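One structure is given below, encoded as structure tokens.
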Amino acid sequence: MRFEELAAPDATGAILAHSHRVGGGLVLKKGHVVTEEDTRALVAAGITRVAGVRLDAGDLGEDEAARRVAEVIAGPHLTVAPATTGRANVFATTRGVFVVSRDRLDALNGVDEAITVATVAPYDVVEIGAMVATVKIIPFAVPGEIVARACAAAGGETQLLATAPFAKKRAGLVLTMLPGTHEAPLARAAENQRLRMAYLDGELAREIRVPHEAGAVASAIDALVAEGLDLVLVLGASAIVDRRDVVPAAIERIGGVVEHLGMPVDPGNLLLLGRKGATPIVGVPGCARSLQHSGFDWILRRLAASLTVTRGDLTRLGAGGLLAEVSGRPSPRRAESLPRSSRVAALVLAAGMSRRMGGPNKLLAELDGAPIVRQVVETFLASKAGPIFVVVGHQAELVRAALEGLAVRFVENAAYEEGLGTSLRAGVTALEGDVDGVLVALGDMPWIRAEHVDALIDAFDPAGPYTICVPVHERKRGHPVLWSSRHFGEMRKLGGDVGARELLESHAGAVRTVTVDDAAVHLDVDTPEMLANAPRRR
């Protein structure tokens, strides 16, 4: 390939190195092959010289080079999109875990600076249609010999990239108990493992609760293995701290093998990897009682995709293994060493016309001596959320007056008569750029408590796979809903009377449910009868 400066009349057949505006709205873009008509347009525009590229014998154009490399590296459950501007993107065709040979990828990228391949992180969960890799050719052409060397570096018994689909695993869970163990935390721990398995397209098929004793744990594990379950999880009432502790002793008692105890990932250090026959057994670290992302999730997703996990796989996780802190751990890191907490704003929707009330604005109705909307806003001010935004429209001045003295920011929705979607759009548009997420709240739900709000914020991990957090009471979803900033672009396109329900349904795999012990997440005020029969706020 020859990169040279050319007289415009002599540029026919060359590839433009830079874009040129030639008048009449016509732009000859970088990478365009110049025609005779183009040369006349260049001269007419007063452009006498251009930077261009001419190919040598054996050169491959950027698109062809990108296509060849992409097709060599893309393995099972991946597809390559048509190359353009020297780039060929690779997409997942199934939901599962992304797999990449790191050594071969490094070797490919080291062949020549002209060829680059970037991928998502190894073992990331990927959705159908997600882009997992991109091949970019830096110059406009590459000698065919270099492309051949790159393809050879990528070669092996298996292709360099693949998606391992989730195998619909059926897991069993052993929960151990100490004297005085309460039911509520056990139920939450079990529910969170059920949700984890569901997110990975599997199920928690059986749960057994036993005393925290080696004999009882051994019998429970043996029973689950005998049932033919694909995976056994053991979540102890006390952390596993030694190979002679209760859980590893139980595995060895039934003829199983403890392959490794501990891994260089925090939270998640105290994970145990064992096996009886072909059935993996995982001693679950205590941090997994929460749904916040931990090293346990890294291992569980691999097992859910039928990927083998070895001792060596665990010991290689140290680089990048320092994850965000899980709130509520018995021995958290020192406060000054914690990463920045996620910043979650609150958006209280208070612009509606209360049509079902037959006239009065329900948000201004008093309950326990204060306007309903004021009670809602005070709840969020008492929580970890902030800043607090209130979207106003119908009777805006009266709503502002009801919130006098409260540290909130008002957002005007001039299109409030068109429906809820316009309020959501206006509110999200007003959010600041450094917000990690937003709690969308309805102004007519005064029974929500600050602890409900904080539970959602504690469950939210901006860097994790769950980008939406929803409260659940008695298996029914409620409000408020916490949305990651990753969804703000879609939310700013909403309008009319369409809220975020369709978005919620379209991102079902990204939803983390947070169980609460209160029906408040379902209760709102829509009619005079509901207001007349409303319970006291507390």
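Keep in mind the model is a prediction, meaning the values are calculated, not measured. Residues take their numbers from the sequence shown, with the count starting at 1.
Residues meeting the salt bridge (charged side-chain N to carboxylate O under 4.0 Å, His left out) test with R475, sequence neighbours left out: none. Applying the side-chain hydrogen bond (donor to acceptor under 3.5 Å, both in side chains) test to H212 and every residue at least two apart in sequence or in another chain returns T176. Not counting sequence neighbours, the partners of H507 by the side-chain hydrogen bond (donor to acceptor under 3.5 Å, both in side chains) test are E490. E183 is linked by a salt bridge (charged side-chain N to carboxylate O under 4.0 Å, His left out) to R209, counting only residues two or more places apart in sequence or in another chain. A search for salt bridge (charged side-chain N to carboxylate O under 4.0 Å, His left out) contacts involving R486 returns nothing, not counting sequence neighbours. Residues that satisfy the side-chain hydrogen bond (donor to acceptor under 3.5 Å, both in side chains) test with R243, not counting sequence neighbours, are absent from this structure. Under the salt bridge (charged side-chain N to carboxylate O under 4.0 Å, His left out) criterion, E259 pairs with R275, sequence neighbours left out.
Under a 3.5 Å cut-off, the side chain of T116 and the backbone N or O of K136 do form a donor-acceptor pair. No donor-acceptor distance shorter than 3.5 angstrom exists from the side chain of E62 to the backbone of V142, with no hydrogens or angles considered. D454 contributes a side-chain N or O that, together with a main-chain N or O of K384, makes up a donor-acceptor pair within less than 3.5 Å. Between the side chain of R425 and the backbone N or O of L494, at least one donor-acceptor pair lies under 3.5 Å. A donor-acceptor pair is defined here as one N or O able to donate and one able to accept, closer than 3.5 Å; such a pair exists between the side chain of N192 and the backbone of R289. Of the possible polar contacts, none joining the D245 side chain to the V247 backbone as a donor-acceptor pair under 3.5 Å is found. Remark: side-chain polar atoms of T85 are not paired, donor with acceptor, to backbone N or O of R87 under 3.5 angstrom.
Among residues at least two apart or in separate chains, side-chain hydrogen bond (donor to acceptor under 3.5 Å, both in side chains) pairs with a member in residues 117-127 are R95-E127. Applying the salt bridge (Lys or Arg N to Asp or Glu O under 4.0 Å) test to every pair with at least one member in residues 215-229, sequence neighbours left out, gives these pairs: R206-E227, D222-K276. The stretch residues 65-108 participates, sequence neighbours left out, in no ring-ring contact (aromatic ring centres under 6.0 Å, His included) pair at all. Counting only residues at least two apart or in different chains, side-chain hydrogen bond (donor to acceptor under 3.5 Å, both in side chains) contacts with residues 310-322 comprise H260-R311, T310-D313, D313-R316.
Between E207 and R194 a salt bridge is recorded (basic side-chain N to carboxylate O distance below 4.0 Å). With respect to the salt-bridge test (charged N to carboxylate O, under 4.0 angstrom), the residues R449 and E451 qualify. Look at D297 and R301 and you find no salt bridge, because none of the NZ, NE, NH1 or NH2 atoms lies under 4.0 Å from a carboxylate O. E64 has a carboxylate O that lies under 4.0 Å from a charged side-chain N of R67, or vice versa, which qualifies the two as a salt bridge.
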Distance-only check: which donor-acceptor pairs under 3.5 Å involve side-chain atoms of residues 146-167, not counting sequence neighbours?
from : atom 1 : to   : atom 2 : distance (Å)
R149 : NH1    : E145 : OE2    : 3.4
R149 : NH2    : V111 : O      : 3.4
Q159 : NE2    : A74  : O      : 2.9

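By the 6.0 Å contact criterion, CG on D517 is open, its count of non-hydrogen atoms from other residues, nucleotides or ligands being 12 or less.
Under the 3.5 Å distance criterion, with hydrogens and angles disregarded, a donor-acceptor pair is assigned to the side chains of N89 and T134.
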